[in-house]
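Beneath this line is the structure, given in structure tokens, with notes to follow.
The chains referred to below are lettered A, B, ... by the order of the sequence lines, with proteins before strands, and numbering in each begins at 1.
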Protein chains: 2
Amino acid sequence: MPPISPDIKQEVDQVFEAVVYLYTESRRLTKELARRAQLTGPQLTVVKILETIGDLSLSELSDKIRAQNSTVTGIIDRMEREGLVQRLRSTEDRRVVHIRLTEKGAKLASEIPVEPMEIFRSALESLSAQEIRDLMKILSKVAKRVKQIVRRDVGEDAVAQAK
Amino acid sequence: MPPISPDIKQEVDQVFEAVVYLYTESRRLTKELARRAQLTGPQLTVVKILETIGDLSLSELSDKIRAQNSTVTGIIDRMEREGLVQRLRSTEDRRVVHIRLTEKGAKLASEIPVEPMEIFRSALESLSAQEIRDLMKILSKVAKRVKQIVRRDVGEDAVAQAK
DNA sequence: CCGAGATGTTTCGCGTGCGAAACATCTACC
DNA sequence: GGTAGATGTTTCGCACGCGAAACATCTCGG
């Protein structure tokens with residue numbers, strides 16, 4: 001690896017800050033929109049996903065919102081308590097629980113204008129097509145590099161315990 | 001705003017995924033490195049910051065790790081309980097608490113190879129200087145656009161209550 | 001000097017968020 | 001058909017993470 005000039009170092013820091021900014025800002029947005037509907041961030045996300053896709057099993061929901069089942073169980077507990085969703089035990093596979101919006105939940109969902117992540121997406125859409133392509137190319141290069149480093153520097157005993 | 005073609009839409013989604021991936025991966029890394037030192041993610045971050053910068057007041061620490069004071073109070077409580085840091089009441093301003101690594105904490109810090117965020121940074125450094133500049137240009141454009149949208153779509157009552 | 005507001009920290013209550021273990025049910029293989 | 005392992009969900013214990021309120025101390029104007 002070539003030595004890094006201080007100039008580059010500084011630009012790297014800026015990029016890093018930008019990524020963190022974009023991520024945290026999109027979370028802040030979710031929270032703000034949620035607050036107006038008397039919801040929490042994750043609850044708003046769940047409501048909008050169920051509105052868009054329809055009933056989902058708890059695991060499917062966990063995948064969608066990138067959280068563990070145990071986390072989602074808690075979120076759904078509280079939403080059920082508030083009467084926003086209901087749990088329906090599947091008849092085909094009685095292990096499975098389907099989560100469905102109640103009328104109250106559906107009404108609430110319809111009153112929330114946009115998925116908050118859409119704000120972030122629409123910001124990206126203000127870029128030119130060329131810029132988006134460039135951005136994607138660069139980001140995926142970074143992502144690939146991160147994966148490499150992770151495998152090399154952090155992965156050693158992960159391998160051992162994956163056995 | 002021009003209409004968005006489905007092609008662009010898809011690329012936007014990819015960019016979005018990439019940003020989320022990079023962010024969550026860097027968090028996962030922190031956690032993995034922390035686990036090896038019997039620490040939590042935030043605790044590792046604190047230990048490394050104190051090692052690098054030296055004593056900090058609780059508020060300064062909160063700024064550094066982008067968390068609320070109340071959150072950091074809890075983190076420091078647990079670290080103090082584990083004997084990793086100590087609280088020192090400032091003599092100049094008795095409201096202020098300085099956080100200092102104990103010997104045990106300093107030893108631990110020295111055994112942890114890198115700040116985890118460094119992995120992310122070093123991935124960025126694998127890009128060419130030109131790519132970094134491009135990336136930065138594009139990302140800051142996105143960030144600017146997000147700010148605009150936020151002010152327009154979400155900021156209305158934020159203004160009102162800022163009064 | 002002294003009291004009002006500013007500032008630094010903690011406390012409290014709540015909602016994630018995780019991993020491990022428990023539990024229910026299903027599937028496959030014998 | 002019975003059971004061992006797989007799969008879906010919940011429970012548990014813990015550590016954030018936040019905002020509001022409480023608390024301690026400081027500062028500044030009168």
Side-chain angles (χ1 to χ4, degrees), chain A residues 20 23-24 27-32 34-47 55-82 84-99 158 161-162, chain B residues 20 23-24 27-32 34-47 55-82 84-99 158 161-162:
Chain A
V20 170
Y23 187 90
T24 56
R27 281 192 39 135
R28 203 187 64 73
L29 273 175
T30 306
K31 223 170 150 182
E32 167 58 20
R35 192 189 57 73
R36 298 190 191 172
Q38 305 266 111
L39 292 175
T40 65
Q43 285 174 10
L44 181 151
T45 306
V46 167
V47 157
D55 300 5
L56 283 178
S57 78
L58 191 125
S59 319
E60 288 165 343
L61 199 48
S62 306
D63 287 347
K64 287 281 173 201
I65 71 178
R66 298 164 182 273
Q68 299 301 314
N69 285 343
S70 55
T71 301
V72 177
T73 293
I75 294 171
I76 297 302
D77 281 350
R78 289 178 289 271
M79 293 181 73
E80 204 173 19
R81 194 181 66 205
E82 299 297 324
L84 298 171
V85 298
Q86 51 184 317
R87 280 181 164 92
L88 301 169
R89 185 64 67 174
S90 166
T91 47
E92 305 121 46
D93 183 340
R94 295 182 26 71
R95 289 169 305 181
V96 175
V97 173
H98 294 295
I99 316 295
Q161 79 191 57
Chain B
V20 170
Y23 186 90
T24 56
R27 281 193 37 136
R28 203 186 64 72
L29 273 175
T30 306
K31 224 171 147 180
E32 167 59 21
R35 194 189 57 73
R36 297 191 192 172
Q38 306 266 111
L39 292 175
T40 66
Q43 285 174 12
L44 181 151
T45 306
V46 167
V47 157
D55 299 6
L56 283 179
S57 78
L58 191 125
S59 320
E60 289 165 342
L61 198 48
S62 306
D63 287 347
K64 286 282 173 201
I65 71 178
R66 298 164 182 273
Q68 299 301 315
N69 286 342
S70 55
T71 300
V72 177
T73 293
I75 294 171
I76 297 302
D77 281 349
R78 288 178 290 273
M79 292 180 74
E80 204 173 18
R81 193 181 67 204
E82 299 297 325
L84 299 171
V85 298
Q86 51 184 318
R87 279 181 164 93
L88 301 169
R89 185 64 67 172
S90 165
T91 48
E92 305 120 49
D93 183 340
R94 294 183 26 72
R95 291 170 302 180
V96 175
V97 173
H98 293 296
I99 316 294
Q161 79 189 56

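Going from atom NZ of A:Lys31 over to atom C1' of D:dG19 covers 8 Å, rounded to whole Å. The distance from atom CZ of B:Arg89 to atom P of C:dG8 is 13 Å, rounded to the nearest whole Å. Protein atom CG of B:Leu61 is 11 Å distant from nucleotide atom P of C:dT10, rounded to whole Å. Between the CE atom of A:Met79 and the C1' atom of C:dT16 there is a distance of 13 Å, given to the nearest Å. Atom CD1 in A:Ile76 sits about 14 Å away from atom P in C:dG15, given to the nearest Å. Distance, A:Leu58 CG to C:dA24 C1': 15 Å, rounded to whole Å. Whole-Å rounding puts the A:Arg66 CZ to C:dC18 C1' distance at 17 Å. One interatomic measurement links the two molecules: CD of B:Gln38 to P of D:dC14, which rounds to 15 Å at whole-angstrom precision.
Closest of all the heavy-atom pairs between A:Gly41 and A:Ala34 is N-CB, 3.9 Å. Minimum heavy-atom separation, A:Leu39 to A:Leu44: CD1-CA, 3.9 Å. Across all non-hydrogen atoms, the minimal contact from B:Ala67 to B:Val72 is CB-CG2, 4.1 Å. Of all non-hydrogen atoms in B:Ser62 and B:Asn69, the two that sit nearest each other are OG-OD1, 2.7 Å.
The side chain of A:Asp77 has D:dT11 as its nearest neighbour among D:dT11, C:dT10, C:dT16. When each of C:dT16, C:dT11, D:dG17 is scored by its nearest atom to the side-chain atoms of B:Thr73, the top-ranked nucleotide is C:dT11. The A:Thr71 side chain lies nearest to C:dG17 when the options are D:dT11, C:dG17, D:dG19. Checking C:dT11, C:dT16, D:dC12 against every side-chain atom of B:Ser70, the shortest atom distance belongs to C:dT11.
Residue A:Gln68 has no polar side-chain atom (N or O) positioned under 4.0 Å from OP1 or OP2 of C:dA20. Residue B:Arg87 places at least one side-chain N or O closer than 4.0 Å to OP1 or OP2 of C:dT10.
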Under 3.5 Å, side-chain donor or acceptor atoms of residues 74-81 of chain B against the rest of the protein: list the pairs with distances, not counting sequence neighbours.
| residue | atom | partner | partner atom | Å |
| --- | --- | --- | --- | --- |
| B:Asp77 | OD1 | B:Arg87 | NH1 | 3.1 |
| B:Asp77 | OD1 | B:Arg87 | NH2 | 2.9 |
| B:Glu80 | OE1 | B:Arg87 | NH1 | 2.6 |
| B:Glu80 | OE2 | B:Arg87 | N | 3.4 |

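The residues A:Arg36 and A:Glu32 are annotated as salt-bridged, a charged nitrogen and a carboxylate oxygen being separated by less than 4.0 angstrom.
B:Arg89 places a side-chain N or O within donor-acceptor distance of the main-chain N or O of B:Arg95, the cut-off being under 3.5 Å.
Residue-to-nucleotide proximity on DNA chain D shows that, of B:Arg81 and B:Ala67, the 5′-proximal contact is made by B:Arg81.
Listed by residue number, B:Arg95, B:Val96, B:Val97 are the residues of residues 90-97 of chain B with a heavy-atom contact under 4.0 Å to DNA chain C.
For C:dG15, its base never sits under 3.5 Å from the side chain of A:Thr40 at any donor and acceptor pair.
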